[in-house]
Amino acid sequence: MRRVVTTNLAEPWTVRPATPDDAEAIESVRIATWKACYRGIVPDDYLDSLTVKSSRVAGLRTGIERAEVGRSLVAVVGSRIIGMGFAGPPEDDQLPARTGEVFAVYVLSEWQGRGVGRALLERLTSSLRALGYRSAILWTLRDRLPTRRFYESNGWELDGAKDSLDLQGRVHLVRYARDLIEQP
């Protein structure tokens with residue numbers, strides 16, 4: 001049985017730094033977004049198996065506690081988290097110096113197309129810039145075209161790097177890059 005959440009989409013939303021207490025709701029947003037947006041790209045068996053796990057929530061709490069301000073963000077309506085994003089030092093140590101990474105931008109499907117993702121992405125890139133990064137990368141699913149159009153409309157460009165994940169089936173990734181230096 002599918003749970004239907006009714007919400008007033010006209011309610012104002014804001015973006016704020018994430019706190020360790022947000023970890024479980026952040027994980028719930030990630031899972032809900034994957035299930036809503038990645039069907040047909042990620043195998044259904046994998047998506048159906050996603051649940052909030054205490055070990056992942058604990059890892060998120062620790063990561064948020066240790067992160068610099070602005071690297072872990074949530075979008076909220078009142079006290080309800082409707083989106084989240086993370087950025088920081090890249091996982092790939094082969095990238096040029098002063099390259100940061102946007103690790104995640106997820107917005108509940110009913111809030112997509114309302115500027116929430118754009119606000120999260122802008123705040124994350126501003127945070128990376130403030131931390132001294134001159135460029136940034138992010139990875140996304142190759143076959144998730146709405147997400148790719150979103151990044152492209154926000155100034156990100158494919159840089160040619162590709163990868164894949166085995167999520168009970170091969171899922172292909174592409175990498176985007178962006179210059180963070182302010183233009184006069």
Side-chain angles (χ1 to χ4, degrees), residues 5 7-38 50 52-53 55-92 95 98-141 144 146-156 173 175-182:
V5 176
T7 184
N8 179 358
L9 297 179
E11 288 181 87
W13 53 267
T14 59
V15 174
R16 65 165 171 78
T19 69
D21 290 340
D22 296 327
E24 187 169 348
I26 287 170
E27 180 63 358
S28 294
V29 166
R30 183 187 73 83
I31 290 170
T33 303
W34 273 61
K35 288 181 176 186
C37 298
Y38 294 168
L50 293 176
V52 175
K53 293 181 174 58
S55 60
R56 183 151 170 98
V57 170
L60 281 170
R61 274 194 188 102
T62 300
I64 292 167
E65 287 171 350
R66 294 182 181 166
E68 288 133 339
V69 173
R71 286 187 23 205
S72 302
L73 301 173
V74 291
V76 295
V77 172
S79 61
R80 179 176 178 234
I81 293 176
I82 60 166
M84 56 81 141
F86 296 107
E91 293 179 348
D92 182 350
L95 290 168
R98 296 171 56 179
T99 299
E101 184 167 355
V102 173
F103 298 108
V105 176
Y106 292 115
V107 176
L108 292 174
S109 60
E110 66 266 24
W111 287 93
Q112 292 175 9
R114 300 175 187 284
V116 178
R118 181 180 307 267
L120 285 165
L121 187 59
E122 286 175 2
R123 291 269 303 264
L124 291 168
T125 55
S126 292
S127 174
L128 289 172
R129 188 179 299 114
L131 292 168
Y133 293 103
R134 299 177 62 81
S135 63
I137 61 150
L138 61 81
W139 290 92
T140 193
L141 298 181
R144 176 73 179 144
T147 301
R148 292 183 59 185
R149 284 191 295 270
F150 166 74
Y151 289 128
E152 290 165 4
S153 72
N154 283 283
W156 294 79
L173 305 170
R175 189 171 73 188
Y176 280 81
R178 178 178 172 169
D179 184 5
L180 296 180
I181 300 171
E182 296 275 352

To the nearest 0.5 Å, atom OG1 of Thr140 lies from atom CZ of Arg175 at 13.5 Å
Q.
Is any side-chain heavy atom of Arg123 closer than 4.5 Å to one of Pro17?
A. yes
Between the CG atom in Leu95 and the OG atom in Ser135, the distance rounded to the nearest 0.5 Å is 8.0 Å
dist Ile81:CD1 -> Arg30:CZ (nearest 0.5 Å) comes out at 14.5 Å
The reported gap from OG1 in Thr14 to CG in Leu73 (rounded to nearest 0.5 angstrom) is 11.0 Å
Within the 4.5 Å heavy-atom criterion, are Ile26 and Ile64 side-chain neighbours or not?
yes
Across all chains, not counting sequence neighbours, the side chain to side chain donor-acceptor pair (under 3.5 Å) partners of Thr147 are Arg144
Do Leu108 and Val116 have side chains that approach each other closer than 4.5 Å (heavy atoms only, starting at C-beta)? no
Arg66 meets the side chain to side chain donor-acceptor pair (under 3.5 Å) criterion, sequence neighbours left out, with none
With sequence neighbours left out, the residues meeting side chain to side chain donor-acceptor pair (under 3.5 Å) with Trp34 are Tyr106
The single option from Thr99, Thr125, Leu131 that satisfies side-chain contact (heavy atoms from CB on, under 4.5 Å) with Leu180 is Thr125
Closest heavy-atom pair, Trp13 versus Gly115, reported as atoms and distance to 0.1 Å, is CH2-O, 3.5 Å
Closest non-hydrogen contact found for Ser72 with Ala67 is OG-CB, 3.8 Å
Are Pro146 and Gln112 close enough that some pair of their side-chain heavy atoms sits under 4.5 Å apart? no
One should read off an interatomic distance between Ile82 CD1 and Ser109 OG, to the nearest 0.5 angstrom, of 11.5 Å
Would you call Met84 and Leu120 a side-chain contact if the rule is heavy atoms closer than 4.5 Å? no
Of all heavy-atom pairs linking Val107 and Thr33, the shortest is O-OG1, 3.5 Å
Tyr176 and Arg148 have their tightest heavy-atom pair at OH-NE, 3.0 Å
To the nearest 0.5 Å, atom CZ of Arg98 lies from atom CG of Leu128 at 13.0 Å
Practice task
Would you indicate whether the side-chain heavy atoms of Leu141 and Leu173 approach each other to under 4.5 Å?
Solution key: yes
Pro20 and Glu65 have their tightest heavy-atom pair at CG-CG, 3.3 Å
Could you check whether any side-chain heavy atom of Ile31 comes within less than 4.5 Å of a side-chain heavy atom of Arg56, counting everything from C-beta outward?
no
TODO: Could you tell me whether Glu152 and Arg149 make a salt bridge, using a distance below 4.0 angstrom between a side-chain N and a carboxylate O?
DONE: no
Using only atom types and a distance under 3.5 Å, with no angle test, would you say the side chain of Arg71 pairs donor to acceptor with the backbone of Phe86?
no
- prompt: Just by distance, do the side chain of Arg178 and the backbone of Asn154 share a donor-acceptor pair under 3.5 Å?
  reply: yes
Heavy-atom distance under 4.5 Å between the side chains of Tyr133 and Glu101, does that happen here? no
Between Val105 and Gly117, the two heavy atoms sitting closest are CG1-O, 4.0 Å
